[in-house]
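To keep things clear, I will list the structure first and then write my remarks on it.
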Number of protein chains: 2
Amino acid sequence: MDEPQRRVGHQTEARSGDAAGPRPPAYAATRKHTPGGRAQQLAPRVRLIDVAREAGLSKTTISAALNGTGRLSDEVRAHARETAWRMGYRPNATARLLRAGHSKLIGFAVREYVEAPWVYMELPYFTQLTNASARAALEHGHALVLLPNHAPREEWADLPLDAVCIVDPMPDDPLVEDFLAAGTPVVTDRRVEGRRGGYWVETDYHAATRGVLDHLAEQGARDIAIVAPDSGAVYARDALLAQAQWSAERGIRTRVENVATPGYTPALAAVERAIGGPDRPDALFVVTEVSPPMVVAAARRHGYTVPDDLLVVCASEDALAEHAEPPVTTLSTQPARIAAAGIKLLVEVLDDGYTESRGAEVPTRLVIRASSLRTPLSAGRPG
Amino acid sequence: MDEPQRRVGHQTEARSGDAAGPRPPAYAATRKHTPGGRAQQLAPRVRLIDVAREAGLSKTTISAALNGTGRLSDEVRAHARETAWRMGYRPNATARLLRAGHSKLIGFAVREYVEAPWVYMELPYFTQLTNASARAALEHGHALVLLPNHAPREEWADLPLDAVCIVDPMPDDPLVEDFLAAGTPVVTDRRVEGRRGGYWVETDYHAATRGVLDHLAEQGARDIAIVAPDSGAVYARDALLAQAQWSAERGIRTRVENVATPGYTPALAAVERAIGGPDRPDALFVVTEVSPPMVVAAARRHGYTVPDDLLVVCASEDALAEHAEPPVTTLSTQPARIAAAGIKLLVEVLDDGYTESRGAEVPTRLVIRASSLRTPLSAGRPG
DNA sequence: TTGAAAGCGATACCAC
DNA sequence: GTGGTATCGCTTTCAA
């Protein structure tokens, strides 16, 4: 049924010397058998042994010649290489990997928006995280495999993954459990300490939130509206915790507007609720990722002048923040650095063997722009 | 050096019955050997033969039991499954793939921004294309491997790819040539007709451009500014060709402002140049992907009222278009459909064997919104 | 210097 | 029904 390459008159290497000519008599398809031979077939791939026969050498020699290993005479090496090149030989990657015992493949899945998978790719945070992960992986000789979150776990079981990144895992995420149970190292952006094979990259959302609130207070804010998702995501939970605590400590009023569903539209609606009521705040901190220019536009629609009537800070990775009018202060969690740190952890495990479950912390970055500076720009300290 | 799993006292299956107990005496590391044994090692993976020995059955039987193939008694099947489960057995994906003759992996590379790789992932078009491709691939039982475009070809040679998607290939792209030469089917968004293993998905940019210009003319435009990249990309070239031809035919003035470098900032600068001069156009068609809200904001800055003084159409996939003020008319090339069509072509080749080089065409979609309707919204026909 | 043979781990024949 | 055996294509050890 699922039978792989089948060759007519195929010879084992042992017999290659006696009966076979330079090339075997006939090949069947490399791809699946086509019933009735309707479609043309892809040319069969040239194997190492084909090259060996053609060159009148052994598999071993060709392999060594091509890989630059072993001690071969220059002539033999050149001859082997030339023959391989002429025949269009390409080593079978799967076979090499099997031999090597690894796949050099790292899976990448985003879990937060499991129910609304199309959403996450629209968010700069995930986009940048994905892209940076792919880069980092490649720099370490690995490649990233996208694991769309809407697929059942079994769909991935057949993938030869050396390790996986699970972004925004759910609490006790079955996916994480499963990979861990399979002995596949997992890196997440949530602490999973103590689990064999579990690694994580952390962001101190608590400190970051306090940093933003401090900044706003320093700029004169006395009534801060916060827009945050009420998903179970760590960052949201930590942000709210920090906000409550900070508010109590400092005696500055903060209020929270929740965003229940993912996506720009609901988030924007929450922003409007937060600033649209009769009880007008003098500062706004949008934790949910929304387009910063849209936020200031909304503020403008509601009669605010940013930053005079309303200080605005967005937790966002959107490059457009600096193009808004006024440019918007952003809190970045630095996805590129998170990605690099996560991949690094994984690669270390993969390349150097098992080490204790551990994590790394990536700092956030508050980029202060005009939207949160009541004093003229020059007075603010960037960074 | 790169030695794979090495087991102390490893037994071949043939000898399994005589000397070996239920489990082999000792295992070395599954991962690389750790010099000095400093770090703990990952537990060795359980192999089919380990399960077989433990269950007192043969590899074949366990395999059949687990895969639901063969004719096995219910007891044996249950016993095999139970043992496998208890031992935490996970089949080695690489081995299966080698046996199966395919990897179920599709590579995905974006070529347009080879020199500025960080740019493309910021653009909704590529983001959506990537995501939709991953989805489509997975729906067909394949997974997508991200191939960052800044890496040299050799980095990818080790990946067991069944096929690849090359987005925005350069003319005679060496990467495409190489994959084709290796016998790997390639799908691109540019016509590659006649090349064995070459498939493509097309967009009729010419017709799309004319459609936009017709729409603008219909709304009263008499002097249309076009902002387009002067990269060699097909879509840009076709758009400019169509524009020149349309302009000549209709006797309506059009002028082009080029964008030399990729990214939002240069594009936005080009928009400003296009509308900022003393010679003010009455319509603007932005072919380069820029944030639509940013475009109308720029227009406003330059004293235009959209759509009264300036009709605006953007070729963009940005969801924010409808949130701009006014909502912006967009020309979408429908990346999700392009992705689906491309993956479908590939999967057909992979699953059904070689068929002639061929392509598919995906229509564009003009979503008319207030920004390009001089007449009140109700008068416009959506779609 | 070169090559035969033994695997990597799993699947599918084909006898028993 | 069950299990031995040959492969998938390649790398590496080890003997010649």
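Worth saying up front: this structure is predicted, and the values here are computed from it rather than measured. Lettering of chains follows the sequences in order, A, B, ..., and the numbering in each one begins at 1.
Remark: Arg96(A) pairs with Asp158(B) by the salt bridge (Lys or Arg N to Asp or Glu O under 4.0 Å) rule, at least two apart or across chains. With sequence neighbours excluded, no residue forms a side-chain hydrogen bond (donor to acceptor under 3.5 Å, both in side chains) with Ser133(A). Contacts of Arg86(B) classified as salt bridge (Lys or Arg N to Asp or Glu O under 4.0 Å), with partners at least two apart in sequence or in another chain: Glu54(B), Glu82(B). Among residues two or more places apart in sequence or in another chain, the side-chain hydrogen bond (donor to acceptor under 3.5 Å, both in side chains) test is passed with Thr61(A) by Ser58(A). For the salt bridge (Lys or Arg N to Asp or Glu O under 4.0 Å) test, residues two or more places apart in sequence or in another chain that qualify with Glu177(B) are Arg195(B).
When the P atom of dA10(C) is taken as reference, atom OH of Tyr89(B) falls 4 Å away, rounded to whole Å. The distance between atom CD1 of Ile62(B) and atom P of dG3(D), rounded to the nearest whole Å, is 8 Å. If you measure from atom CD1 of Ile49(A) to atom P of dG3(C), you get 13 Å, rounded to the nearest angstrom. In this structure, Leu48(A) places its CG atom 7 Å from P of dT11(D), rounding to the nearest Å. The nearest whole Å value for the distance from the CZ atom in Arg77(B) to the C1' atom in dG3(D) is 15 Å. Atom CZ of Arg99(A) and atom P of dT11(D) are 9 Å apart (whole Å). The distance from atom CG of Leu97(A) to atom C1' of dC8(D) is 14 Å, rounded to the nearest whole Å. For the pair Arg90(A) CZ and dC8(D) P, the computed distance is 22 Å after rounding to whole Å.
Side-chain N/O atoms of Ser63(B) include one lying less than 4.0 angstrom from OP1 or OP2 on dT11(C). Contact annotation: Asn67(A) side-chain N/O to dT11(D) OP1/OP2 distance is under 4.0 Å. Phosphate contact (OP1/OP2 of dG1(D), side-chain N/O of Ser73(B), threshold under 4.0 Å): absent.
Among the atoms of the strands shown, only primed sugar atoms or phosphate atoms (P, OP1, OP2) are found under 4.0 Å from some heavy atom of Leu57(A). Using a 4.0 Å heavy-atom criterion, one finds that Arg96(A) contacts the sugar-phosphate atoms exclusively.
In the set dA10(C), dT2(C), dT2(D), dT2(D) carries the atom at the smallest distance from any side-chain atom of Thr61(B). When distances run from any side-chain atom of Arg47(A) to the nucleotides dA6(C), dC8(D), dT11(C), the shortest one goes to dC8(D).
With hydrogens and angles ignored, a donor-acceptor pair under 3.5 angstrom links the side chain of Thr60(A) to the base of dT12(D).
Ion pairing between a basic and an acidic side chain is recognised when a charged N comes within 4.0 Å of a carboxylate O; Asp50(B) and Arg47(B) show such pairing.
With the end axes of the helix from dT1(C)-dA16(D) to dC16(C)-dG1(D) each set by five pairs, the angle from one to the other reads 50° at 10° resolution.
At least one side-chain heavy atom of Thr130(B) sits under 4.5 Å from a side-chain heavy atom of Leu146(A).
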